[in-house]
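Each ligand, and each atom within it, is numbered from 1 in the order the structure gives.
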Amino acid sequence: MKKVASLLALALLGLGLNAQNIKLPEPKKEGGESILKTIAIRQSDRSFKDGDISLQDLSTILWAGFGYSHGEKRTAPTAMNRQDISLYVFLEQGIYLWNAKDNVLELIKKGDYRKDTDRPNGFASKVTNIAIVSDLDKYDVKKNHHTAYTFGVMSAAYVSENMYLAADGMQKNIGTVTRYGGHQEKEVAEILGLGEYQRILLFQTVGYKK
Ligand SMILES: Cc1cc2nc3c(=O)[nH]c(=O)nc-3n(C[C@H](O)[C@H](O)[C@H](O)COP(=O)(O)O)c2cc1C
């Protein structure tokens, strides 16, 4: 029995599915408003009901942000197709790195760190936050920091806009706002254990509107 349990644990680990990770439901790739109407209604929201969004809605928003669309293509463009963006999800129960290939949230740290992405008592402290992180090393950052940083910032902006459009287009009372990552970057990078050239460029706050 013990042997079967450890074999099962090993198999799950191999799939990136340990008990701490969360396998997300399939993202919804159809429905909602038309893309043009969604562009017309897109806006930033800052008034949310307390609580994280559902795993179903989270899955759709992450996929829209930087999922795999067809083959190795991503839903957002990146310079030279370097695919430099990682998405870290802050939920009440912990922080997760989104594994886009398997659509799994991989546990980074247990605990509620959502407030660490915001100013004290800010509007983002009790809802889902997604850190949009660029790995500037993918752009030869040591040779040309300015270009690498510019490319990373641009990638992050496309990912953020896709998340806006998913949130506003789904018609599920989801609100979102993108926030500058620089204010809290040092503290949050430490919590996440990021490398020197992994930059937190934006936080995408997502919640159900009040
Ligand atoms: C790069 C960038 C940084 C932003 N930073 C913040 C922020 O730190 N806090 C915030 O509440 N909104 C932030 N915003 C959202 C803007 O305030 C918002 O997009 C702008 O007021 C226009 O409103 P709209 O998005 O509803 O059209 C940011 C937007 C961008 C593009």
Side-chain angles (χ1 to χ4, degrees), residues 32-53 57-58 60-62 64-66 74-79 82-92 95 98 112-136 138-139 141 145-192 194 197-210:
E33 257 313 340
S34 76
I35 188 73
L36 293 177
K37 179 77 190 297
T38 304
I39 290 169
I41 61 172
R42 184 215 60 80
Q43 64 174 35
S44 296
D45 291 288
R46 299 179 183 82
S47 183
F48 304 102
K49 293 178 193 159
D50 287 355
D52 288 313
I53 56 166
D57 291 339
L58 178 61
T60 301
I61 286 170
L62 290 169
F66 202 49
R74 309 300 290 258
T75 52
T78 55
R82 294 287 166 87
Q83 306 194 0
D84 52 297
I85 297 295
S86 299
L87 300 177
Y88 289 82
V89 182
F90 290 67
L91 300 176
E92 186 175 5
I95 310 174
W98 181 52
D112 189 358
Y113 291 89
R114 296 173 300 175
K115 62 186 174 323
D116 295 86
T117 72
D118 201 4
R119 296 188 177 86
N121 305 316
F123 61 80
S125 63
K126 289 184 177 153
V127 292
T128 305
N129 285 281
I130 302 166
I132 305 178
V133 174
S134 169
D135 181 358
L136 302 188
K138 298 235 166 124
Y139 294 121
V141 65
H145 189 277
H146 178 73
T147 308
Y149 185 70
T150 307
F151 285 163
V153 167
M154 288 179 179
S155 305
Y158 284 110
V159 170
S160 168
E161 177 68 358
N162 277 3
M163 292 200 271
Y164 264 107
L165 295 178
D168 289 349
M170 262 196 271
Q171 295 192 301
K172 292 183 75 179
N173 200 40
I174 301 171
T176 190
V177 59
T178 200
R179 297 185 293 112
Y180 174 53
H183 298 306
Q184 283 78 22
E185 184 172 12
K186 205 163 163 273
E187 295 78 2
V188 178
E190 215 170 287
I191 294 168
L192 297 178
L194 297 184
Y197 297 114
Q198 284 180 290
R199 299 293 310 273
I200 302 170
L201 298 171
L202 291 165
F203 290 108
Q204 195 78 27
T205 300
V206 195
Y208 296 109
K209 291 189 237 181
K210 260 189 185 155

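At a cut-off of 3.5 Å, with distance as the only test, a side-chain donor of Gln204 or Ser160 sits close to an acceptor on the other residue.
Counting only heavy atoms from C-beta outward, the side chains of Val127 and Ile53 never approach each other to under 4.5 Å. Residues Asp118 and Asn129 fail the side-chain proximity criterion, which asks for heavy atoms closer than 4.5 Å. Arg179 is listed as a side-chain neighbour of Phe123, based on a closest heavy-atom distance under 4.5 Å.
In this structure, atom 22 (C) of ligand 1 is not in close contact with the protein, since no protein heavy atom lies within 4.0 Å of it. Distance screen at 4.0 Å: atom 13 (C) of ligand 1 has a protein heavy-atom neighbour inside the cut-off.
Regarding atom 8 (O) of ligand 1, its nearest protein heavy-atom neighbour is Tyr180 N, 3.2 Å. In terms of protein heavy-atom proximity, atom 18 (C) of ligand 1 is closest to Ser44 OG, 3.6 Å. Atom 1 (C) of ligand 1 has Leu202 CD2, 4.0 Å as its closest protein atom, hydrogens excluded (heavy atom only).
Using bins of under 30°, 30° to 60° and over 60° for the plane-to-plane angle, the ring pair Tyr149/His145 lands in the parallel bin.
For Arg46, a nitrogen or oxygen atom sits less than 3.5 Å from a nitrogen or oxygen atom of ligand 1, counting backbone and side chain alike. Note: an N/O pair closer than 3.5 Å links Arg42 and ligand 1 by distance alone. For the pair Thr178 and ligand 1, the shortest N or O to N or O distance falls below 3.5 Å.
Between Phe203 and ligand 1 there is no heavy-atom distance shorter than 4.0 Å.
Between the side chain of Asp84 and the main chain of Tyr139, no donor-acceptor pair closer than 3.5 Å is present.
Within ligand 1, counting atoms from 1 as listed, the ones closer than 4.0 Å to a heavy atom of Phe123 are 11 (O).
Taking only non-hydrogen atoms, the option from His183, Arg179, Gln43 nearest to atom 7 (C) of ligand 1 is Arg179.
Of the residues Thr78, Asn162, Ile132, the one that meets the side-chain contact (heavy atoms from CB on, under 4.5 Å) test with Phe66 is Thr78.
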*Steps toward side-chain hydrogen bond (donor to acceptor under 3.5 Å, both in side chains) verdict (Asp52, Thr128)*: CA-CA 5 Å; Asp52 288 313; Thr128 305; 2.9 Å; yes
